[in-house]
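Just below is one structure, and these are the notes that go with it.
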Amino acid sequence: MTLVGKTQASEIAVHWREEEYVHPPAHFVAQAHLADPAVADRFREENFPECFREYADLLTWDQYWHTTLDTSHPPFWKWFVGGRLNACYNCVDRHLARDKNKAAFIFVPEAETEPIHTLTYQELYVRVNETAAVLRDFCGLKAGDRVTIHMPMILELPIAMLACARLGIVHSVVFGGFSGEAAGLRAADSGSRVMIYADAYHRNGKLIDHKASADIAVRTSAAEGQPIEKVLVWRRRDGEDLSNTPMVPGRDFYMEELLKSYRRARVAPVSLEAEHPLFLMYTSGTTGKPKGCQHRTGGYLAYVAGTARYYQDIHPEDVYWCMADIGWITGHSYIVYGPLALGATNVLYEGVPNYPDAGRPWRIAEQLDVNIFHTSPTAIRMLRKSGPDEPQKYRYRFKHMTTVGEPIEPETWRWYHDVVGKREAVIVDTWWQTETGGFLITTRPALDAMKAGSAGPPALGIFPVIYDEDGKEIPGGTGRAGNICIRNPWPGIMQTVWKDDDRFVRQYYSKYCKDPKSRDWRDWPYFAADGAVLAPDGYYRILGRVDDVINVAGHRLGTKEIESACLTVPQVAEAAVVPVVDEIKGRMPAIYVSLKPGVTDAKGAAEHVVAAVETMIGKIARPKSVHIVPDLPKTRSGKIMRRILAAISNRMDTGDVTTLANPEIVEQIRRQVQGEGPVELQEGPEDVRRFGEQE
Ligand code: PRX
């Protein structure tokens with residue numbers, strides 16, 4: 001695209017104050033899994049890819065692999081080739097011999113009046129087997145089939161996932177907060193003929209009728225040409241109907257009823273090739289349609305088990321709580337697969353962090369003796385704002401805390417460290433993505449000093465590089481930002497985009513591929529679509545997305561998806577969605593729309609736009625503002641200049657707009673959004689400055 005009045009991103013200097021190092025507490029170091037500095041030697045580049053045997057050896061294989069990494073068809077890497085295993089066996093069965101009576105999950109309902117429920121590994125085993133029997137014998141599903149799971153944070157969600165994994169069924173979990181439409185579109189893309197739901201759940205003090213979404217999802221999927229034959233519905237409370245949406249005879253089935261026929265059923269775990277797909281996770285990319293990131297069984301499980309052990313430092317006696325939702329990659333890797341592969345005790349919390357008040361997480365931590373805690377900067381900001389002194393009222397003790405999903409400002413980091421962690425816990429700021437399966441940049445908690453606001457050095461066996469737009473490496477210590485890439489493959493990287501190999505290559509590898517014919521992995525750097533800066537000490541600071549994805553409260557939303565939703569409103573002629581900085585959520589969408597000729601009710605149109613976004617995507621995509629404008633700024637070839645709108649929404653310099661087809665509209669919109677008076681211009685964060693650049 002033409003950059004109007006904008007310097008090349010590679011020339012942008014980033015200024016920030018280097019924070020002081022904070023060293024891990026001695027009591028943490030004394031007990032850490034990863035305390036021997038020699039590990040760096042084992043994982044140095046000369047030892048790649050064999051270094052990753054160390055992770056794969058944490059698993060139980062039915063058949064050991066013969067080739068650690070096969071690079072014969074780049075960038076479609078194959079890991080642990082020749083190996084066979086079952087992910088469910090590794091997460092459940094193999095723990096029974098020693099730990100059958102240990103808590104696998106401690107389920108905490110949102111309402112404090114409802115009792116906490118503990119599920120042992122033995123109980124998990126029984127429930128997963130019975131559920132697998134329903135999938136196999138009642139639904140007729142087998143290895144390689146896909147199932148879409150649209151569920152809230154209740155025990156039956158990991159049970160359903162593990163039942164799929166036991167049979168080699170590829171699960172596609174859709175975040176419970178997404179709308180029925182969004183779930184239906186994903187179900188259709190994956191080719192699911194079975195969907196799994198819950199009738200209802202508690203969120204922020206309200207009982208949500210979730211079964212209503214199932215009907216919409218089924219309708220949406222059918223309209224896309226993919227009929228859903230069966231909808232399995234878990235009841236949130238046994239024997240009680242919490243949803244007002246009627247069951248459709250012959251299509252909808254209560255799991256409670258079906259399971260009666262499968263009591264004490266045992267289903268042998270299916271031994272699968274290491275490359276057998278384990279799951280799809282849909283995520284937003286640069287075009288309208290979300291893409292299904294396809295993850296493999298062996299490499300993925302090895303990578304999440306290894307990183308959960310080394311970076312989260314999970315020991316058998318720990319109580320681990322990751323407050324993310326299982327419907328996102330964090331929950332897949334670091335609630336379900338990583339911790340369970342290690343036989344951990346996992347807290348599963350149904351509700352929102354500050355319900356009924358900002359002391360809730362700390363009460364849960366105190367009551368359950370949680371000592372490893374994992375959350376996002378948005379949750380930390382929210383809890384800090386609503387209850388800055390709450391943590392000190394509770395007598396919990398964290399040894400370890402994780403932050404993930406967005407850049408964390410040093411001030412927020414310090415509250416996390418000093419107040420939540422009581423200066424006793426080590427923090428890892430872990431940078432990674434849906435595509436990458438597990439952590440890519442993070443400090444090794446007992447070996448590296450922490451630095452507020454900086455994710456740290458690369459994870460073991462990961463070799464990043466920062467390139468400018470022309471593919472020239474930007475070395476550390478220059479203060480210049482560029483695009484962070486990973487030079488080598490690793491076991492957790494996704495296999496491909498579901499049914500779209502071309503998109504996989506185009507999106508992640510075309511940009512910096514040195515030779516498309518090469519079979520040498522060194523010629524195929526992975527492009528992450530994040531801006532980053534490398535400090536002189538080898539620590540990476542992640543600056544956020546460089547494409548048109550916006551990170552709302554640590555959740556990734558495609559601006560093109562939101563625009564498509566706006567365009568379903570009949571009054572709307574054109575729409576553009578841009579990120580706007582938000583104090584709590586990091587970024588939020590701001591929507592600009594122009595209306596069709598003759599439409600005069602701007603307020604009504606704006607309301608329809610918000611409703612359309614909530615219906616098509618979900619409440620998480622609700623905009624911070626909707627601006628009804630006479631026209632959108634465009635180039636002479638008719639391209640909407642979203643970058644200029646982002647500058648206006650964030651009070652940044654719009655640059656030279658004289659080459660636009662309609663330059664006068666810029667000032668008009670600016671006044672409408674910012675008011676008539678003079679405004680103080682901001683420099684703006686890197687991701688907002690680079691917004692729309694990759695279009
Ligand atoms: O921009 C980066 C941001 O989240 C994006 C990935 O989002 P998603 O695939 O939903 O996965 C989120 C959980 C891994 C990245 O491209 N991001 C993730 N972790 C961090 C981060 N930004 C800064 N610091 C992090 N620790």
Side-chain angles (χ1 to χ4, degrees), residues 107 109-110 127-128 130-132 134-135 138-139 141 145-164 169-203 206-224 226-259 262 279-282 325-328 331-332 336 348 350-351 615 617-619:
F107 175 63
E110 190 186 70
R127 296 201 61 188
V128 166
E130 292 175 352
T131 305
V134 171
L135 297 180
F138 178 73
C139 300
L141 292 164
D145 291 344
R146 280 81 54 207
V147 164
T148 296
I149 306 177
H150 188 201
M151 286 180 66
M153 285 286 281
I154 57 175
L155 285 170
E156 288 73 14
L157 171 53
I159 289 171
M161 291 163 71
L162 291 163
C164 288
I169 297 166
V170 182
H171 60 69
S172 170
V173 178
V174 177
F175 169 57
F178 272 134
S179 66
E181 270 90 351
L185 285 177
R186 285 159 175 78
D189 188 80
S190 70
S192 297
R193 58 185 177 83
V194 173
M195 293 189 80
I196 307 183
Y197 267 87
D199 63 345
Y201 62 100
H202 298 274
R203 190 137 189 102
K206 290 197 273 295
L207 186 71
I208 314 274
D209 180 349
H210 192 55
K211 169 66 175 56
S213 295
D215 295 1
I216 299 167
V218 170
R219 220 182 305 131
T220 307
S221 186
E224 292 282 305
Q226 177 63 36
I228 303 293
E229 292 163 16
K230 290 188 169 68
V231 179
L232 310 181
V233 183
W234 296 96
R235 279 194 175 104
R236 169 67 180 76
R237 274 207 287 279
D238 285 356
E240 268 186 71
D241 278 339
L242 298 179
S243 162
N244 292 323
T245 317
M247 298 289 275
V248 177
R251 187 199 76 184
D252 299 349
F253 303 90
Y254 281 124
M255 280 301 277
E256 212 181 349
E257 309 291 324
L258 296 177
L259 284 164
Y262 297 96
F279 66 86
L280 306 180
M281 162 116 298
Y282 280 84
D325 193 292
I326 291 177
W328 304 102
H332 275 49
V336 181
L348 189 80
E350 178 183 31
T615 308
I617 302 169
K619 284 203 167 52

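In this text, all values refer to a predicted model and were calculated from it rather than measured experimentally.
- A distance of 8.5 Å separates OG in Ser172 from CE in Met195, rounded to the nearest 0.5 Å.
- Taking every heavy atom of both residues into account, Ala217 and Ala183 meet most closely at CB-CB, 4.2 Å.
- Of the inter-residue distances, the one linking Cys164 atom SG with Phe279 atom CZ reads 12.5 Å to the nearest 0.5 angstrom.
- In terms of modelled atom types and a separation under 3.5 Å, the side chain of Glu224 and the main chain of Asp189 share no donor-acceptor contact.
- Within the 4.5 Å cutoff, the side chain of Val231 has heavy atoms near those of the Val233 side chain.
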| Stepwise, does the side-chain contact (heavy atoms from CB on, under 4.5 Å) test hold for Leu155 with Trp234? | CA-CA 10 Å; Leu155 285 170; Trp234 296 96; over 6 Å; no
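- Rounded to the nearest 0.5 Å, atoms CG (Leu259) and CG (Leu232) are 9.5 Å apart.
- When all heavy atoms are compared, the tightest approach of Val174 to Arg186 is CG2-CD, 3.8 Å.
- Listed by first and then second residue, the ring pair (Phe, Tyr, Trp, His ring centres under 6.0 Å) pairs that reach into residues 174-200 are His150-Tyr197, Phe175-Phe178, Phe175-Trp328, Phe175-His555, Phe178-Trp328, Tyr197-His210, sequence neighbours excluded.
- Heavy-atom minimum distance, Thr148 versus Ala187: OG1-CA, 3.4 Å.
- Residue Met151 holds its CE atom at 9.5 Å from CG of Asp199, rounded to the nearest 0.5 Å.
- Asp209 meets the side-chain contact (heavy atoms from CB on, under 4.5 Å) test with Lys211, Ala212, Ser243, Asn244, Thr245; sequence neighbours excluded.
- Summarising the geometry of Gly327 relative to Asp325, their closest heavy-atom pair is N-OD1, 2.8 Å, with the distance given to 0.1 Å.
- Closest approach of Ala163 to Leu135, counting heavy atoms only: CB-CD1, 4.0 Å.
- With hydrogens and angles disregarded, a donor-acceptor distance shorter than 3.5 Å links the side chain of Glu256 to the backbone of Gly239.
- Taking 4.0 Å as the cut-off between side-chain N and carboxylate O, Arg236 and Glu156 do not count as a salt-bridged pair.
- Here the CZ-CE distance, from Arg235 to Met255, works out to 12.5 Å after rounding to the nearest 0.5 Å.
- Glu110 contributes no side-chain N or O that, together with a main-chain N or O of Glu350, makes up a donor-acceptor pair within less than 3.5 Å.
- A ring-centre distance under 6.0 Å is not found for Tyr262 and Phe138.
- Side-chain atoms of Thr220 never come within 3.5 Å of backbone atoms of Leu185 as a donor-acceptor pair (strictly under, hydrogens ignored).
- The side-chain heavy atoms of Asp252 and Asp215, taken from C-beta on, include a pair separated by under 4.5 Å.
- Summarising the geometry of Ala160 relative to Ile149, their closest heavy-atom pair is CB-CD1, 4.0 Å, with the distance given to 0.1 Å.
- Under the side chain to side chain contact (heavy atoms under 4.5 Å, CB included) test applied with Thr131, the options Ile159, Leu258, Leu162 reduce to a single match, Ile159.
- Taking SG from Cys139 and CD1 from Ile196, the interatomic distance works out to 7.5 Å, rounded to the nearest 0.5 Å.
- Considering only heavy atoms from C-beta on, Leu348 comes within 4.5 Å of Ile326 through its side chain.
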